[in-house]
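Every chain is numbered from 1 and lettered A, B, ... according to where its sequence line falls, protein lines coming before strand lines.
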Amino acid sequence: AQKVTQTQTSISVVEKTTVTMDCVYETRDSSYFLFWYKQTASGEIVFLIRQDSYKKENATVGHYSLNFQKPKSSIGLIITATQIEDSAVYFCAMREGWSGTYQRFGTGTKLQVVP
Amino acid sequence: EAAVTQSPRNKVAVTGGKVTLSCNQTNNHNNMYWYRQDTGHGLRLIHYSYGAGSTEKGDIPDGYKASRPSQENFSLILELATPSQTSVYFCASGWTGGANTEVFFGKGTRLTVV
């Protein structure tokens, strides 16, 4: 069955450093899509970045990048040059199959960026 | 810009009462979803819909019903609200199929059942 696990409950980093948030997933499907979302202090949830299972190249958007390790069923989110406004809760999610309808989410990792 | 609007944003309900949470999307997406967020559980899928007239059970459907009368609107119904349903509820919309299927979330509804 489809499952997404985030074991890091919270992380604190110093501003301008790099942080990696972990996510492991379980699926029987050969084709799947992995997503990261950010929930700000106001509660709003926004999409950040996506990795397609059939792509070997790690996705990158701005100062967000992914570390996709398919043999380990792992998709880490890397934030470089962190800023105070990166403080938020980050969710990993997965959708199975090319025609899959819904995404299943992990429990989230709370990131605090301190000066 | 994708838009998903939830109403009400805050709701206090009495145990045993009926609660309806509404969601409207202007993205013309075929899929819509209801999730609830609780500490330690992340976002859990309650119901979802492929399109007008369809509803499907998610991972935690017990105690909830859903209604999708049109492409734009998707409601979550608690026929007999219980304190355990106190939570923050998020509606979302998205496409089926293909790669560009990130979902777009509403701002959430905070429901308190007393």
Side-chain angles (χ1 to χ4, degrees), chain A residues 1-10 21-26 29 31-55 57 59 61 64 66 88-110, chain B residues 1-6 8-10 23 27 29-51 54-61 66 68 74 87-111:
Chain A
Q2 184 182 2
K3 187 176 180 181
V4 178
T5 302
Q6 296 178 256
T7 57
Q8 300 160 304
T9 304
S10 64
M21 283 173 270
D22 301 327
C23 176
V24 293
Y25 57 89
E26 295 177 25
D29 221 303
S31 176
Y32 50 91
F33 302 89
L34 301 162
F35 305 82
W36 280 90
Y37 292 81
K38 174 183 179 181
Q39 184 175 35
T40 62
S42 67
E44 293 190 57
I45 303 172
V46 295
F47 164 72
L48 289 179
I49 190 169
R50 185 189 80 244
Q51 180 75 41
D52 304 339
S53 63
Y54 54 87
K55 292 185 177 180
E57 189 173 304
V61 175
Y64 301 107
L66 297 177
V89 177
Y90 291 83
F91 290 101
C92 176
M94 176 174 65
R95 178 175 69 81
E96 288 181 323
W98 191 256
S99 301
T101 302
Y102 59 85
Q103 295 182 18
R104 187 166 279 122
F105 286 75
T107 52
T109 296
K110 183 174 183 179
Chain B
E1 180 72 20
V4 179
T5 304
Q6 295 182 229
R9 294 292 314 281
N10 291 280
C23 179
N27 312 317
H29 288 153
N30 55 333
N31 296 332
M32 295 187 74
Y33 314 87
W34 278 106
Y35 290 90
R36 64 177 282 178
Q37 181 178 19
D38 304 284
T39 303
H41 292 280
L43 292 162
R44 293 182 289 174
L45 182 65
I46 306 171
H47 283 288
Y48 62 100
S49 168
Y50 295 103
S54 86
T55 61
E56 301 290 336
K57 294 180 179 179
D59 295 326
I60 53 166
R68 182 90 181 269
F74 191 37
S87 186
V88 180
Y89 292 84
F90 286 94
C91 177
S93 71
W95 290 113
T96 290
N100 294 323
T101 55
E102 63 267 24
V103 296
F104 297 85
F105 285 88
K107 295 185 177 182
T109 295
R110 183 173 297 276
L111 174 66

[X] portion near chain A, given a 4.5 angstrom heavy-atom threshold:
X       : result
B:Gln37 : side chain
B:Asp59 : side chain
B:Leu45 : side chain

Looking at B:Val88, B:Thr39, B:Leu43, which has the largest count of heavy-atom pairs under 4.5 Å with chain A?
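Top count of heavy-atom pairs under 4.5 Å with chain A: B:Leu43.
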Donor-acceptor pair, side chain of [X] and main chain of [Y], under 3.5 angstrom:
X        : Y        : answer
A:Ser53  : A:Tyr32  : yes
B:Arg9   : B:Gly108 : yes
B:Glu102 : A:Trp36  : no

TODO: Any chance you could measure A:Asp22, atom CG, to A:Gln8, atom CD, to the nearest 0.5 Å?
DONE: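 These two atoms lie 4.0 Å from each other.
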* Asked: What do you reckon, are the aromatic ring centroids of B:Tyr33 and B:His47 less than 6.0 Å apart?
  ->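 Not close enough - the centres of the two rings lie 6.0 Å or further apart.
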So what's closer than 4.5 Å to chain B heavy atoms on [X]: side chain, backbone, both or neither?
X        : value
A:Tyr102 : both
A:Glu44  : side chain
A:Gln39  : side chain

Sorted by chain and residue number, the ring-ring contact (aromatic ring centres under 6.0 Å, His included) partners of A:Tyr37 (sequence neighbours excluded) come out as A:Phe47, A:Phe105, B:Phe105
